[in-house]
A.B. asks: 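Next up is a structure, given as structure tokens.
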Number of protein chains: 2
Amino acid sequence: MTTSDSSRQRAARSGGSERTEHLAGLIMALARREGMKAGDRLIEQRLADALDLSRAPIRLGLKALEAAGLARGEPNRGFVLAKNPTSGAAQPALAAVRRSEQVYATIAGDVLASRLPADIAEAELMRRYDLSRAELQRMLDRIAAEGWIARLPGYGWRFAETVSSPEAQAKAMAFRAVIEPAAIAQPDFTLPQEVIARLRERQLRVLEGELEKMTIGEIYHSGCEFHEEIIRGAGNPFFVEALKRVNSIRRLFAYRSFADRDGMRRHVRQHLRLLDVLEARRYAEAAKLMAKHLQRPLVAGLS
Amino acid sequence: MTTSDSSRQRAARSGGSERTEHLAGLIMALARREGMKAGDRLIEQRLADALDLSRAPIRLGLKALEAAGLARGEPNRGFVLAKNPTSGAAQPALAAVRRSEQVYATIAGDVLASRLPADIAEAELMRRYDLSRAELQRMLDRIAAEGWIARLPGYGWRFAETVSSPEAQAKAMAFRAVIEPAAIAQPDFTLPQEVIARLRERQLRVLEGELEKMTIGEIYHSGCEFHEEIIRGAGNPFFVEALKRVNSIRRLFAYRSFADRDGMRRHVRQHLRLLDVLEARRYAEAAKLMAKHLQRPLVAGLS
DNA sequence: GATTGTTCTTTTGTGCAATAATATACAATC
DNA sequence: GATTGTATATTATTGCACAAAAGAACAATC
């Protein structure tokens, strides 16, 4: 059986390639996180720095945004935001979810539901998900980086036990409940004033209305960023790395929980309280607060 | 400039391919860890299971061992060990260190000494280390799995700050000093009797003479295994995973420390003492002991 | 002086055919 | 019944030519 070509054709949209569409989405997300408004300039180099790319692909992304009506290009002045970057805005206007994203989600679902054997060959995956070798390669690289699959010495790959276990969610929280307070309690923990200010501002924005407009994915992402910024204060990259890995796996489950907006609101208030204590440099107290914050999460799965 | 072919030719040894030679080494290492003696049978399927491979490559490895005089093949009875698998035995008899291992070590050294820029393109790496695309790909996969390099969104890769920092060693220990005692202190921590027995036996073997014959790499590896087995007792894969990652990075520094055999001896005695306390299920005490063990390592870098 | 527009260079992805490595099945042997 | 020996099928790697993407340099513009 040869792989079918029909399902692998490129999304024929005016905006640009899949990759460019994706980038356009990243730009909008960044604009929103930075609190930009309609009319603000989208400066190429700044976006390039923020997204670890050069100006060339950024410019393509901006053109895609223009095609989608989200940005306006002005001769010799580059691009400006055409609309306030509210959460929903970007997605529907841009191409449908990328095929690779869909496949990724399908695989994640299959693994969580144990519909896949723990050990599996690349050829088998290519058949199951109708992927070219190159596509699969990229997918596996990504999943491996997220830490829930690893190469076997011979042919094939093995999914990590971390994901398949039914209590994975609880285990992840137990792990966080250890490392996050411990990071704050490290002797040379310190969080620059401007970081605290930035975090507080973002949390306030969420509390004052943005929450309602955010998707589950965005809420999750925002929560992760908050905690990752704080743990960074320990000045020990091993803590940061470990948290990031846990979070990238937790994200797999996160899609299944649903948002309890009231719980979220209390949750964000806890974040703000934590920031106050951190600002006062009462780190021992902050560590305890963090432990409490993580031990009984107000919203299932979304801390 | 085209890549030179001279340096990439296959090691022309009778034993087999580079890969097979490597596998032969793994078999010997396994035999030693299992405490096997000269004359013991090397059962193909058992080796295959232990090394996550099928019998086909194992058999090639065994043939390589025979060629090296370390195993003896008997018709219809497979292979038996020809010599006691003492540490040094395998290496010199087999092919010189694999080229890819040498390159790996060179890259690691260059990163540790900051002789490489944090961001670097694949093409540049291919030039610097005279690697084919495929070779480099494998190398990068491996390094990425170990967690000290990551793909950038555009072209190129970025080395993790985890490695380049001069205090990385200390930071790694600080991280372990958090997660390892915490794992033991988890409410459902438990270590099966047989695991404790196996660990104790191995530590005793090291103490009673094997230590002198072990290379730095082997000593390091053995230490890691001990700690990883113990942390596994928490039944939480996130702890295990995190420790494994730290250890795979610590290994980069480990080569530079040298063995203080007396310190090592005290170190192993601490391991044995820890096992006693664990066997008695006095977990709180064990956690404290582990914390002490990690806070002031008797041997620099080798815990 | 910062930013955009444009051009040119370099780097990387992709598909394919040939080749190598690994897995599997089953008969033969102890 | 477990293990080896052997043949066969499956799976993955490699090198190459071509296409696509990203980076870098510099002049033009605000």
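None of the values given here were measured: they were computed from a predicted structure. In the text below, chain A, chain B and the rest are named by the order of the sequence lines, each starting its count at 1.
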A.B. asks: What is the distance, rounded to the nearest whole Å, between atom CZ of B:F79 and atom P of D:dG5?
C.D. replies: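 About 7 Å, once rounded to whole Å.
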A.B. asks: Just compare C:dG13, D:dA21, C:dT3 and give me whichever is closest to any side-chain atom of B:R151.
C.D. replies: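 Nearest to the side chain of B:R151 among the choices is C:dG13.
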A.B. asks: I'd like to check B:F159 versus B:L116 (side-chain heavy atoms, cut-off strictly below 4.5 Å). Are they in contact?
C.D. replies: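 Answer yes - side chains close enough.
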A.B. asks: Would you tell me whether B:Q137 and B:D141 have side-chain atoms, one donor and one acceptor, within less than 3.5 Å of each other?
C.D. replies: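 There is no such pair (donor and acceptor under 3.5 Å, judged by atom type) between the side chains of B:Q137 and B:D141.
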A.B. asks: For B:A123, answer base if it contacts any base atom (sugar-phosphate contacts may also be present), sugar-phosphate if it contacts only those atoms, and nothing otherwise; contact means non-hydrogen atoms under 4.0 Å.
C.D. replies: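 Sugar-phosphate contact only - B:A123 comes under 4.0 Å of backbone atoms but never of a base.
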A.B. asks: Please pick, from C:dT4, C:dT11, D:dA12, the nucleotide with the shortest atom-to-atom distance to any side-chain atom of A:R55.
C.D. replies: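 Per side-chain heavy atoms of A:R55, the pick is C:dT4.
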A.B. asks: Can you check whether any acceptor in the base of C:dG13 is under 3.5 Å from a donor in the side chain of A:R133, or vice versa?
C.D. replies: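 There is none.
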A.B. asks: Counting just side-chain N and O atoms, does A:N76 come under 4.0 Å of either OP1 or OP2 of D:dC30?
C.D. replies: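 For A:N76, the contact criterion (side-chain N or O under 4.0 Å from OP1 or OP2 of D:dC30) is met.
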A.B. asks: Is the phosphate of C:dG13, meaning OP1 or OP2, less than 4.0 Å from a side-chain N or O of A:R19?
C.D. replies: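 Indeed not, no polar side-chain atom of A:R19 lies that close.
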A.B. asks: Pick base, sugar-phosphate or nothing for B:A56, based on heavy-atom distances below 4.0 Å to the nucleic acid.
C.D. replies: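 Result for B:A56 = base.
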A.B. asks: Are more than 12 heavy atoms from other residues, nucleotides or ligands located less than 6.0 Å from atom CZ of A:R142?
C.D. replies: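 Count over threshold, so yes.
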A.B. asks: What integer distance in Å separates A:E124:CD from C:dT24:P?
C.D. replies: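 So the two atoms are 12 Å apart, to the nearest Å.
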A.B. asks: Using whole Å, report how far CZ of B:R77 lies from C1' of D:dT4.
C.D. replies: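 So the CZ-C1' distance, B:R77 to D:dT4, works out to 11 Å.
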A.B. asks: Just the rounded figure in Å: distance from C1' of C:dT6 to CG of A:L60.
C.D. replies: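 Value for this atom pair: 13 Å.
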A.B. asks: The side chain of B:R59 lies closest to which of these nucleotides: D:dG15, D:dT6, C:dT3?
C.D. replies: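 The listed nucleotide nearest to B:R59's side chain is D:dT6.
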A.B. asks: Within less than 4.0 Å of OP1 or OP2 of D:dG23, is there a side-chain N or O belonging to A:S54?
C.D. replies: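 So the side chain of A:S54 is within the cut-off, an N or O lying under 4.0 Å from OP1 or OP2 of D:dG23.
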A.B. asks: Starting at CZ of A:R127 and ending at P of D:dA9, how long is that distance when rounded to a whole Å?
C.D. replies: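 After rounding, the gap between these two atoms is 16 Å.
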A.B. asks: Can you tell me which nucleotide in C:dT12, C:dT3, C:dA20 comes closest to the side chain of A:Y155?
C.D. replies: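 So the nucleotide nearest the side chain must be C:dA20.
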A.B. asks: Can you find a side chain N or O atom of B:R41 that sits less than 4.0 Å from OP1 or OP2 on D:dA2?
C.D. replies: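 B:R41 to D:dA2 OP1/OP2: no side-chain N or O under 4.0 Å.
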A.B. asks: Going by atom types alone, do B:E146 and B:Y104 pair a side-chain donor with an acceptor below 3.5 Å?
C.D. replies: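 The answer is yes; a qualifying pair exists.
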A.B. asks: Taking for each residue the nucleotide of DNA chain C with the nearest heavy atom, is it A:L42 or A:P153 whose nucleotide lies nearer the 5' end?
C.D. replies: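 Upstream on the strand: A:L42.
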A.B. asks: Test your reading of the model: is there a side-chain donor-acceptor pair from A:R41 to the backbone of A:L81, 3.5 Å cut-off?
C.D. replies: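 Not confirmed, A:R41 side chain does not pair with A:L81 backbone.
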A.B. asks: Would you tell me whether A:E225 and A:Y220 have side-chain atoms, one donor and one acceptor, within less than 3.5 Å of each other?
C.D. replies: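 Looking only at side-chain atoms, A:Y220 and A:E225 do not form any donor-acceptor pair under 3.5 Å.
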A.B. asks: Write down the distance between CG (B:D52) and C1' (D:dT11), rounded to a whole number of angstrom.
C.D. replies: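 About 17 Å, once rounded to whole Å.
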A.B. asks: Which residue lies toward the 5' end of DNA chain C, B:I120 or B:P57, if each is placed at its nearest nucleotide?
C.D. replies: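 Checking each residue's closest nucleotide, the 5'-ward one belongs to B:I120.
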A.B. asks: Over how many whole Å does the gap from A:I58 atom CD1 to C:dG5 atom P extend?
C.D. replies: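 Those two atoms, CD1 and P, are 14 Å apart.
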A.B. asks: Students often get this wrong, so: under 4.0 angstrom with heavy atoms, is A:Q137 touching a base, only sugar-phosphate, or nothing?
C.D. replies: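 Counting heavy atoms under 4.0 Å across all strands, no contact is made by A:Q137.
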A.B. asks: Using a heavy-atom cut-off of 4.0 Å across all strands, would you classify B:R138 as base, sugar-phosphate, or nothing?
C.D. replies: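 If one applies the 4.0 Å heavy-atom cut-off, B:R138 turns out to touch the sugar-phosphate alone, with no base involved.
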A.B. asks: Among D:dT14, C:dT14, C:dT12, which nucleotide has an atom closest to any side-chain atom of B:A134?
C.D. replies: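 The answer is D:dT14, which lies nearest to the side chain.
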A.B. asks: Both A:G154 and B:E44 contact DNA chain D. Which one's nearest nucleotide lies toward the 5' end?
C.D. replies: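 The 5'-side residue here is B:E44.
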A.B. asks: What integer distance in Å separates A:D141:CG from D:dA12:C1'?
C.D. replies: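 Whole-Å distance recorded here is 15 Å.
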